[in-house]
Every structure is written in C-alpha cells, then in structure tokens.
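Working notes, beginning with the structure itself.
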2 protein chains.
Amino acid sequence: MGKELFTESIRRHVGITDEEIDSVWSLGIERRVKKGQYIIHNGTVAKKTCFISSGTAVGYFIDTKGEEYLIQFGFDGWWISDISSFLKGTPALLNVQAIEDTLVYEFSSEAISEAFEKAPSFQSYFLAITQNAFASFQARTLNNLSMSAEERYVDFCNKYPQVSQKLSQKWIASYLGISPESLSRLKSKLLKS
Amino acid sequence: MGKELFTESIRRHVGITDEEIDSVWSLGIERRVKKGQYIIHNGTVAKKTCFISSGTAVGYFIDTKGEEYLIQFGFDGWWISDISSFLKGTPALLNVQAIEDTLVYEFSSEAISEAFEKAPSFQSYFLAITQNAFASFQARTLNNLSMSAEERYVDFCNKYPQVSQKLSQKWIASYLGISPESLSRLKSKLLKS
DNA sequence: AATTTGACTTGATCCATGTTAAGTTTAAAG
DNA sequence: CTTTAAACTTAACATGGATCAAGTCAAATT
C-alpha cells in the first residue's frame, strides 16, 4: 500500500488529520504500470497527475527529428504529470513512461479540486510541492546557464546520488543537455583525474 | 495606485470578493524603487515577495567569475522574488534589481500566511500563479535542451514581444544562455535572411 | 552455445558558440 | 556642449561538445 508514503509526504509539509488523509486518498485511483508502458502520451490531454508509490518514471519530450529530451523523472513519493497539459487542458508535450514496474495513484483535476475542498491543508501541501518543483527547475536553469557539462554532471550526481543506478546513461546525458558520447568521455576523464 | 492591477491579476484566476481583496491588499507594503536599486540582495535572506505595480525588474545570478545570468524578469502585474530563499529562509542566490523606476508591493511570509487565512481564494490564486511559473520554467528548460540559440531567440521574441524594448541585449543574451556578441551576430543574420 | 539487442566507449572530424580585441554608436553625466 | 562610459557591432581565432562511425561488452532470446 502506498498510503503510508502518501501520508508521510503530506505531513512533511503540513499538519493534516487522519480523516482528511482518508478523504483525499480515497479520490486517487491505483494503477499498476509495467516497465515501458506510458502513463501520459504526448499529443493527448493529461487528465491525471500521479503520485508514485513505487517504481520509476521519466517525462521526456521528442522533437521533430525524433531526439528525446529528459525533462523530469520521479521515484517513490514524487508526483509526475505534464503539468501544463493537466492545468490548461492542452495536448501534452511530454511522454511520461515507466522505466520499471511502477505503482501510481492517479488524481483527476476534479479529484484534486474535491480534495482541496475536503482538506484545505491538502491545498497548502500542493502549493508547497509546486513551489519546490518550481525552485528546482529554476536551479536547473541556473546550472544550464552557468556551468560546463562536467560541472553539471558532478552536481547532478551529488544532488541525486541514487539516480545513476536507476537511469541509463542515455537519460542522464539527455537530462544534462549533452550527448551520451560526451557523457561517456566526461566520466572517463573524471575517473583519471 | 496598483490595487486595480492587483485585483485584476487575482480575478483572472479565481473568484474573490472586494472585502477579501481589501484584506489581502492591506497586508502589502508599498515601496518605490529607483532605477538600479536592489529589491533583493544576494547573500541575504529574501524576506519579501513583491507584486510589481509598475516598472521592470530583473533577477539574476552572479558566478564566481563575476559573470551574470538572467534567471527571471518582471513587469507590471508580475510577482518577483528569490523563491527558494523566501520559502526556505536560506540566503538568496539571486540579485533582484529594478532596471527602471519601479513601484512594488512587498509581502512578507507572515503577510502571505495571513492573506491565505483571511482569503482562502488568495491561496488558490497563489497556487495558480506558482503553477504557471513552474510551467514556464519547464518550457524554458525544454527550449534550452532542444533548440539552437537562433531558435531560442525567435521563440523569445514571439513569447515576450514587448521585452526587447525594455531589456538590453546583454540581458536577453544572458537569458538565452549565449554571449552578447553571439546575439548580435545572430540578429544581423536574421535581418539579412 | 549462438545470436541478437541495447548500453557504453573511443577516435576522427566538424561546427556553433565562446573569447579576445578593436571600433562604432548611443546615452548619461558633468 | 563636451566628456565619459556603457551598449552594440564586427572580425579573427579558439574550443567544447556534436556528429559520424567502429568497436566492445553484457544481458536477453532462441
């Protein structure tokens, strides 16, 4: 069950009663997603935002040349969606895909609104995690502007030490904005020095 | 007075009564900032988030070499701060500076909390604008990863047509992640074609 | 065990953008 | 009005990282 993790994630940010947790939790729909399956498909409207109970998912963009760009990833206890699509009802730019067997709890925008009404502190929680997500994208933008590929890689490894195990080098390179070949060279250079 | 703009900005996202607007508005502190003055200084804690009533401000990072990187900018009706610092109470990474005479309304975190209590729909508004800010940083990350400098510049001009007048080329180049010289070259190339 | 497939490495070459530096235009300040 | 400084342009040269192409290695499939 993912409810403990869900509760813990909320209580890390706000005070909330067990009853409120129950009423919010009951609005989510459990879905088991096999490795390789899509959670959100680009071009369709993202009708759900997902709480990841276990597993790993990536959210990436594909350009006209078929090149893939990793925008976000998520593990146990993170939320994942295409937020622009979810909020505005526009077609998703991102594919969100499980890269291992993953258990998610899906919340529609109606479910989220209802949760906000039933448990106002859930809205405070939602604001807090959105602010965190905003801050981390801002930090990523800052890194992209001010750091070399090597510095970004070192920073990435420090920030997400567990990630190197779960994500392939292709995805990490894509997240950093470099080619897999460059990442490979860069790693061997770092090992030598 | 900036109250009309403030009201309009909120009502674009949520329903709110005049009384609620009044109670929120009264929590803000008016401050006139002259061109060149700082709104937030890097290294100090950002104690305020600011609603810009008129004028223009930039938020930028300075690296160890003294190089400046434009992270965000704001005009009439936008909010600006160093969000990470404001939320976590850590020293600000950004300088926020007026680049023309600017009128802002400052809200401390206590003021924001009080506003959320007095006017719950103000919290919904705050969530909505934070989600928008998140989405636009995500889009910027996507552009940085997938587009050439020239494509990013064209996209920037389309997205913020009024900006080229207000921001110097140095700031625009910095925002796009290229040198001012490259932007100059790129512009003359675009004019020819 | 043999084969296919995907992930990673390594080398050669190329190009977009950075860097340095000089010159020009514009705007601010005395 | 003059001076100074900042913003912008242009050119020559340097370089980080991309691209193209082979090759290695390990895991999955038959």
Side-chain angles (χ1 to χ4, degrees), chain A residues 34-37 56 58 60-70 73 97-101 141 143-157 163-193, chain B residues 34-37 56 58 60 62-70 73 95 97-101 141 143-157 163-193:
Chain A
K34 287 236 167 287
K35 176 176 179 174
Q37 275 189 340
T56 308
V58 291
Y60 58 93
F61 171 75
I62 307 181
D63 72 9
T64 47
K65 289 170 211 135
E67 208 67 52
E68 297 176 341
Y69 303 91
L70 183 58
F73 49 83
Q97 193 177 14
I99 61 168
E100 57 182 16
D101 290 359
T141 300
N143 288 356
N144 284 159
L145 293 177
S146 70
M147 292 177 164
S148 69
E150 185 176 318
E151 290 169 321
R152 292 200 307 274
Y153 175 64
V154 171
D155 179 72
F156 177 84
C157 292
V163 170
S164 358
Q165 276 77 51
K166 299 235 181 179
L167 291 185
S168 70
Q169 216 163 281
K170 172 188 115 178
W171 284 124
I172 296 175
S174 166
Y175 185 90
L176 297 173
I178 59 179
S179 66
E181 292 93 334
S182 288
L183 180 53
S184 176
R185 271 187 275 260
L186 196 157
K187 281 172 74 173
S188 71
K189 191 187 144 209
L190 282 172
L191 282 177
K192 278 174 211 147
S193 62
Chain B
K34 287 238 167 285
K35 176 175 179 173
Q37 276 189 339
T56 309
V58 292
Y60 59 93
I62 306 180
D63 71 10
T64 48
K65 289 169 211 136
E67 208 67 53
E68 298 176 341
Y69 303 92
L70 182 58
F73 50 81
N95 279 312
Q97 194 177 12
I99 60 167
E100 57 183 17
D101 290 359
T141 299
N143 288 355
N144 284 159
L145 293 178
S146 70
M147 292 177 163
S148 69
E150 185 176 319
E151 290 170 321
R152 293 200 306 274
Y153 176 63
V154 171
D155 179 72
F156 178 84
C157 292
V163 170
S164 357
Q165 276 77 51
K166 300 234 180 178
L167 290 186
S168 71
Q169 216 163 283
K170 172 189 114 177
W171 285 124
I172 296 175
S174 166
Y175 185 89
L176 297 173
I178 60 179
S179 66
E181 293 91 339
S182 288
L183 179 55
S184 179
R185 271 187 285 255
L186 197 155
K187 281 173 73 173
S188 71
K189 192 188 144 209
L190 282 172
L191 281 176
K192 279 175 212 146
S193 61

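Letters A, B, ... mirror the listed sequences (proteins, then strands); counts begin at 1.
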Less than 4.5 Å apart, any side-chain heavy atom of Y60(B) and any of S174(B)?
no

How about L70(A) and L167(A): do any of their side-chain heavy atoms sit closer than 4.5 Å?
yes

Would you give a per-nucleotide map of nucleotides 12-30 of chain D, 5' to 3', where B means the base has a protein non-hydrogen atom under 4.0 Å away, S means only the sugar-phosphate does, and - means neither?
B----SSBBB---------

[X]: salt bridge (Lys or Arg N to Asp or Glu O under 4.0 Å) partners, not counting sequence neighbours:
X: D155(B); answer: K159(B)
X: E67(A); answer: none
X: E100(B); answer: K166(B)
X: E151(B); answer: none

Rounded interatomic separation in angstrom, taking [atom1] from [X] and [atom2] from [N]:
X: K65(B); N: dG18(C); atom1: NZ; atom2: P; answer: 13 Å
X: I172(A); N: dA7(C); atom1: CD1; atom2: P; answer: 13 Å
X: K170(B); N: dT19(C); atom1: NZ; atom2: C1'; answer: 18 Å
X: K189(A); N: dT9(C); atom1: NZ; atom2: P; answer: 16 Å
X: K187(B); N: dT17(C); atom1: NZ; atom2: C1'; answer: 18 Å
X: I99(B); N: dA7(D); atom1: CD1; atom2: P; answer: 11 Å
X: Y153(A); N: dC8(C); atom1: OH; atom2: C1'; answer: 12 Å

Within the structure, does a side-chain N or O atom of Q169(A) lie under 4.0 Å from either OP1 or OP2 of dT9(C)?
yes

Comparing K35(B) and S184(A) on DNA chain C - which has the more 5′ nearest nucleotide:
S184(A)

Residues 168-180 of chain A vs salt bridge (Lys or Arg N to Asp or Glu O under 4.0 Å), sequence neighbours excluded, gives E68(A)-K170(A)

Apply side-chain hydrogen bond (donor to acceptor under 3.5 Å, both in side chains) to Y69(B) and list each qualifying residue two or more places apart in sequence or on a separate chain.
D63(B)

Hey, what bend do you get for the helix from dA1(C)-dT30(D) to dG30(C)-dC1(D) if you fit axes on five pairs at each end, rounded to 10°?
50°

Classify the nucleic acid contact of S168(A) as base, sugar-phosphate or nothing, counting any heavy atom under 4.0 Å across all strands shown.
sugar-phosphate

Show me the side-chain donor-acceptor pairs of residues 175-186 of chain B shorter than 3.5 Å, one per line, residues at least two apart or across chains.
residue	atom	partner	partner atom	Å
S179(B)	OG	S182(B)	N	3.2
S179(B)	OG	S182(B)	OG	3.1

